[in-house]
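What you are looking at is a predicted structure, and each value in this text was computed from that prediction instead of being measured.
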Amino acid sequence: MTNTAKTPQGNILDTDVLLVGLGPVGAALANLLGRYGIRVLAIDRAKEIFAKPRAIALDNEALRILQLVGVAEGEFATVAIPKVQYRSPLFGRFARINSARIVDGHPTLVTFYQPELEAVLRKKLSAHPTVDVRLGTELQSFVDDGHCVHAIVKSSGGPDLQVRAKYMVGIDGAGSLVRRDLGLDFEGRTFQQDWLIVDALGVPNPIDHCEFVCDPARPTPHMVAPGGRQRWEFMLKPGESAAEMERPESVRNLLAPWCDVDKIQIERTAVYRFHAREAKSFSKGRCFLAGDAAHITPPFAGQGLVAGLRDVANLGWKLAWVLRGQASEQILDSYDQERRPHARKIINLARFLGALVMPRNRAAALAIHGCMSAIRLLPRGRALFEDLKVKPANTFDKGLFVRVRGTEKLRAGSSFPQGWVRPAESGIPTLSDDCLGLECAVIGFGFDPATRLSSELTVRWSLAGGKVWQWCQRAQAQHLAPKGRRLEALDEVVLPRVAPLDWMVVVRPDRCVLAEGPASQAEHILQRALYLIDPPQVRLDIRLPKAA
């Protein structure tokens, strides 16, 4: 069904956002924009979902973003991974990551089956009347004239179609046509090692975790996945060709130490060369890049698809706010400013973990694995790795937030935690993101922010797409804010662990902290937030406190 409006000329399709690429990242962004009621034309040259697994890992951040997109827990199968182990033939287990935790309402690490997730995301698109999906359709060319993006797309067997979009997002993979035509070169390098990926079904006595056999002779990651699946990744040695190693007898020889190859089903084999690259900018004019079109992350941190979903959460609401007239177009500049530095940090983490997994020789293995073994003897060193403190937090140094000295309880520019709450309206325990919804939020901890804000400012906040909430301690809610905007804490994840009583925070729809401060400064905090978003109808002529 086509929902994108046509112009009177009859041969031009008008839309708000043209999405080029409908893999998991593209489908997630299309769903998020659809939830906001934004007109979307989403195209993909493939007619069907690629039926074999590719990405295999998601972390708690990715699961939380899928929650924002509208994917509920249990809609696709996952396996929670309790630990990740690194083993060396010289030192035995020299490192371990404890992933048996719940963070922001979700498991720290899960594996999944990518075709199933993509099918769920594609199916959900049919529920959004403003989203037009056209498969078997390919971008031919485009021009950004500063007001719109004019694109030519072609469907298989059909005539060329002209599209006029207010914005375009290239989510068309590592070989992105959009990135190439924008002149946004990839920066970084290609790992010289090729790897053979083997996915198998029906493996007897499967493992319940992930492990990396860090043998310089043949490094081999091994992990469990839903549906009785197991995955192995074998590093190819010099002189071994892809065609040779994908032969059934070669695969059987590689798997022989792990299982009886006569009792399993090989679902997929493929040889990949891993990359560590990023575009020099994630945006240019009215065009944006996301997912593998913007950055490619080696698999050693399990962050490839996760990084693309972070792009979705960051860019989606900003496009929606601008297109709905609730924010200035300048907020779109913060997408590259926020996402590219963090993507680079994740790539560097993956490269570091790659050095652990694939040392060049036994001497390098002795030095690297020995050093890691020694670090684990120290409590602080052990926590750095086992508690995932080595993973860069999704906190921005610059971007769409205001950080003021002396008011850093939750730290503006960082992620607002998710906890379990009981909304006064329903009385049903709910994850807080589901209560906050898709809007910006002003939250008062232990007090009602509406009592500290002028009626004029409250109206302006509402026009800017914001809501006001009171986050109460347990059993405190019955005599405080009006029933429709009270949240009673059922755990200590937010209050009082990170947010004290009589504290206020402004949270973006992607759950980034926009501003914060004491209840006594509620009026000024919200003014700062509105000034930063800067929609024309709420522009305030105020003097801002000096920011950090």
Side-chain angles (χ1 to χ4, degrees), residues 4 12-30 33 40-50 54-55 118 121-122 125 131-190 272-297 304-305 307-309 311-312 315-316 319 332 335-336 339-340 343:
T4 309
I12 300 177
L13 286 179
D14 267 336
T15 191
D16 292 327
V17 181
L18 171 61
L19 297 184
V20 182
L22 202 64
V25 175
L29 182 55
L33 292 173
V40 175
L41 174 61
I43 65 172
D44 197 288
R45 61 184 177 183
K47 292 184 178 181
E48 303 289 341
I49 293 170
F50 187 66
R54 288 173 289 178
E118 289 196 55
L121 289 168
R122 292 270 185 100
L125 289 175
V131 177
D132 178 3
V133 175
R134 301 199 177 197
L135 302 177
T137 302
E138 192 169 359
L139 177 70
Q140 299 291 302
S141 62
F142 65 91
V143 174
D144 179 355
D145 68 5
H147 301 284
C148 290
V149 177
H150 302 268
I152 304 295
V153 302
K154 182 179 179 62
S155 59
S156 56
D160 290 352
L161 179 69
Q162 298 182 57
V163 177
R164 183 165 54 206
K166 294 176 183 175
Y167 298 98
M168 182 173 72
V169 186
I171 321 174
D172 46 342
S176 172
L177 169 67
V178 175
R179 185 189 66 243
R180 186 194 69 195
D181 287 0
L182 288 173
L184 299 175
D185 297 334
F186 251 162
E187 299 174 346
R189 70 183 184 91
T190 298
Y272 284 100
R273 177 164 291 186
F274 297 142
H275 302 268
R277 294 186 173 184
E278 64 179 84
K280 66 180 181 181
S281 176
F282 290 3
S283 63
K284 185 176 182 180
R286 306 183 80 82
C287 301
F288 302 86
L289 301 174
D292 285 353
H295 43 74
I296 308 178
T297 306
L305 178 54
L309 291 173
D311 298 339
V312 168
L315 179 61
L319 284 171
L332 297 174
Y335 171 61
D336 176 75
R339 282 296 304 130
R340 189 155 52 94

For residues 135-155, pull every pair meeting salt bridge (charged side-chain N to carboxylate O under 4.0 Å, His left out), keeping only residues two or more places apart or in separate chains. R45-E138, K154-D160
Side chains of L125 and L121, heavy atoms from C-beta outward: is any pair under 4.5 Å? no
For R340, enumerate each residue passing the salt bridge (charged side-chain N to carboxylate O under 4.0 Å, His left out) test, keeping only those at least two apart in sequence or located in another chain. D336
What residues, two or more places apart in sequence or in another chain, satisfy salt bridge (charged side-chain N to carboxylate O under 4.0 Å, His left out) together with K284? none
Mind checking ring pair (Phe, Tyr, Trp, His ring centres under 6.0 Å) for F282 and listing every partner two or more places apart, or none if nothing turns up? H295
Side-chain donor/acceptor of D16 to backbone N/O of V40, under 3.5 Å: no
Spell out, as yes or no, whether a donor-acceptor pair under 3.5 Å connects the side chain of R179 to the backbone of A293. yes
What's the spacing between L19 CG and L319 CG if we round to 0.5 Å? 9.0 Å
Sequence neighbours left out, what passes side chain to side chain contact (heavy atoms under 4.5 Å, CB included) with D185? Give chain and number order. none
Evaluate the ring planes of Y335 and F288, with Trp represented by its six-membered ring, and classify them as parallel (under 30°), tilted (30 to 60°) or perpendicular (over 60°). perpendicular
Report the distance from atom CG of L18 to atom SG of C287, rounding to the nearest 0.5 Å. 9.0 Å
Just to verify, what does R339 make a salt bridge (charged side-chain N to carboxylate O under 4.0 Å, His left out) with, not counting sequence neighbours? D311
